[in-house]
Amino acid sequence: MDKLREMEMFGEDGRDGVWTVMANVMDPESLHRAFDGCAGVFHTSAFVDPGGMSGYTKHMATLEAQAAERVIEACVRTESVRKCVFTSSLLACVWRQNYPHDRRCPTIIDESCWSDESFCRDNKLWFALGKTAAEKAAWRAARGRDLKLVTICPALVTGPGFRRRNSTASIAYLKGARAMLADGLLATANVETVAEAHVHAYEAMGDNTAGGRYICYDHVVKRPEEFAELERQLGLPGGATAARGSDDDRPARFELCKRKLSRLMSSRRRCTYDTYYSVAFD
């Protein structure tokens with residue numbers, strides 16, 4: 001709340017700005033009271049390690065999946081709510097068992113790809129496990145219900161000042177970063193891009209032109225030097241990932257694809273411009 005006040009986001013009595021309502025994401029009744037009267041819900045919360053050391057634990061992954069289910073149940077129960085935009089993660093798409101000579105592992109990583117929960121569990125990738133399990137729980141809870149759901153899967157969120165204020169989540173995201181870097185799957189997304197993607201998706205849900213999952217990123221980190229700079233900007237200890245070694249020059253095995261989100265955002269921009277000009281010249 002102090003950060004919001006610093007940004008002068010609060011309006012008088014909640015008008016022309018934002019205001020806060022306290023709720024417990026593990027309490028459906030608390031969520032229902034918070035959502036009552038709202039037309040839509042953006043579920044952007046996540047569990048983090050208050051100590052800021054491990055970043056995320058196995059227990060937090062379990063809690064996050066439970067919270068996601070309860071948020072969706074509360075949306076369904078709240079008569080005024082008909083749309084929900086759910087913040088997932090690119091990590092819910094990229095972690096799968098590697099088969100070096102098996103073509104069953106696709107080259108293109110898009111919205112149809114899901115991380116393997118067993119792989120995440122075996123490799124203690126708790127943040128990826130939590131995001132994957134939470135998103136799946138949300139889709140299960142929304143299935144067959146009177147609620148429109150869209151999920152946004154952003155890469156590591158970056159932006160001026162954002163990373164240092166949210167280093168815990170960044171530490172958790174970057175567990176396994178060396179493997180992601182080698183496979184062409186380590187990417188970043190500016191916080192403004194992520195916010196814009198949420199807004200575009202929410203608006204497009206009104207005319208049913210948005211649906212399903214959307215991968216969101218701005219930049220794919222391709223070189224160890226880039227990652228070292230990212231670590232420096234985050235204020236993390238250096239050397240968290242080593243050079244690729246003898247396979248340094250080999251092509252990345254996977255390629256991220258955000259074509260679906262790009263189409264949505266360009267489509268919404270065209271609609272906005274068309275509306276503007278028709279109003280201006282009529």
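Predicted model only: the values in this text are computed from it and were never measured.
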For this session: Starting from the C-alpha separation in whole Å, work towards a yes-or-no answer on side-chain contact (heavy atoms from CB on, under 4.5 Å) for F86 and V150.
Result: CA-CA 6 Å; F86 185 99; V150 160; over 6 Å; no

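- Residues V157 and T188 fail the side-chain proximity criterion, which asks for heavy atoms closer than 4.5 Å.
- A side-chain donor-acceptor contact under 3.5 Å links T78 and H32.
- Applying the ring pair (Phe, Tyr, Trp, His ring centres under 6.0 Å) test to residues at least two apart or on different chains, none of the pairs has a partner in residues 176-196.
- With sequence neighbours left out, the side-chain hydrogen bond (donor to acceptor under 3.5 Å, both in side chains) criterion links K83 to no other residue.
- Note that NZ of K58 is 13.0 Å distant from CG of L63, once rounded to the nearest 0.5 Å.
- Residues V76 and M26 fall within the same hydrophobic cluster, defined by Ile, Leu, Val, Met, Phe, Trp and Tyr side chains chained together at heavy-atom separations under 4.5 Å.
- Taking the side chain as every heavy atom from C-beta outward, T151 and Y214 never approach each other to under 4.5 Å.
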Throw together a table of side-chain donor-acceptor distances under 3.5 angstrom for residues 33-43, partners on residues two or more places apart or in other chains.
none

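- Listed here is the closest heavy atom pair of A187 and Y173: O-OH, 4.3 Å.
- Considering only residues two or more places apart in sequence or on other chains, K175 meets the salt bridge (charged side-chain N to carboxylate O under 4.0 Å, His left out) condition with none of them.
- Once rounded to the nearest 0.5 Å, the distance linking CH2 of W114 with OG of S88 reads 6.5 Å.
- Scored by the side chain to side chain contact (heavy atoms under 4.5 Å, CB included) test, E79 finds R82 as partners (sequence neighbours excluded).
- Using a 4.5 Å heavy-atom threshold, the side chains of V85 and M205 count as touching.
- For the pair C153 and C93, the minimum side-chain heavy-atom distance is below 4.5 Å.
- When only modelled atom types and interatomic distance are considered, T158 and N190 share no side-chain donor-acceptor pair under 3.5 Å.
- R77 pairs by the side-chain hydrogen bond (donor to acceptor under 3.5 Å, both in side chains) definition with E29, not counting sequence neighbours.
- The nearest pair of heavy atoms linking L264 to A210 is CD1-CB, 4.1 Å.
- When all heavy atoms of L31 and A23 are compared, the pair lying nearest together is CD2-CB, 4.5 Å.
- Minimum heavy-atom separation, W95 to G176: CH2-O, 3.4 Å.
- Scanning all heavy atoms of the two residues, the minimum distance from V220 to G184 falls at CG1-O, 3.7 Å.
- To the nearest 0.5 Å, the span separating CZ on R96 from SG on C113 amounts to 4.5 Å.
- Remark: the backbone N or O of A189 is not paired with any side-chain donor or acceptor of T193 at under 3.5 angstrom.
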What pairs of donor and acceptor atoms, side-chain ones from residues 119-132 against any protein atom, are under 3.5 angstrom apart with sequence neighbours left out?
{"residue": "N123", "atom": "ND2", "partner": "F119", "partner atom": "O", "Å": "2.8"}
{"residue": "K131", "atom": "NZ", "partner": "E64", "partner atom": "OE2", "Å": "3.0"}
{"residue": "T132", "atom": "OG1", "partner": "A128", "partner atom": "O", "Å": "2.7"}

Exercise. Does the pair L230 and L156 meet the rule for a side-chain contact (heavy atoms from CB on, under 4.5 Å), with working shown?
Worked result: CA-CA 10 Å; L230 182 62; L156 176 67; 3.7 Å; yes

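- Remark: S115 engages no residue in a side-chain hydrogen bond (donor to acceptor under 3.5 Å, both in side chains) (not counting sequence neighbours).
- Not counting sequence neighbours, the partners of E73 by the salt bridge (charged side-chain N to carboxylate O under 4.0 Å, His left out) test are R145.
- Within the 3.5 Å criterion, the main-chain N or O of L185 finds no donor-acceptor partner in the side chain of D183.
- When all heavy atoms of A142 and I72 are compared, the pair lying nearest together is N-CG2, 3.7 Å.
- Taken from CE in M180 to CG in L90, the straight-line distance is 8.0 Å, to the nearest 0.5 Å.
- Taken to the nearest 0.5 Å, the NZ atom of K260 stands 8.5 Å off from the CZ atom of R263.
- Using a 4.5 Å heavy-atom cutoff, the side chains of E255 and I109 are not in contact.
- With sequence neighbours excluded, the residues that form a side chain to side chain contact (heavy atoms under 4.5 Å, CB included) with A133 are A65, E117.
- Residues passing the salt bridge (charged side-chain N to carboxylate O under 4.0 Å, His left out) test with E226 are R223, sequence neighbours excluded.
- Taken to the nearest 0.5 Å, the CG atom of L261 stands 9.5 Å off from the CD1 atom of I215.
- For T44, there are no side-chain hydrogen bond (donor to acceptor under 3.5 Å, both in side chains) partners at least two apart in sequence or on another chain.
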For this session: May I have the step-by-step check of side-chain contact (heavy atoms from CB on, under 4.5 Å) for H198 and T87, ending in yes or no?
Result: CA-CA 8 Å; H198 281 69; T87 311; 2.7 Å; yes

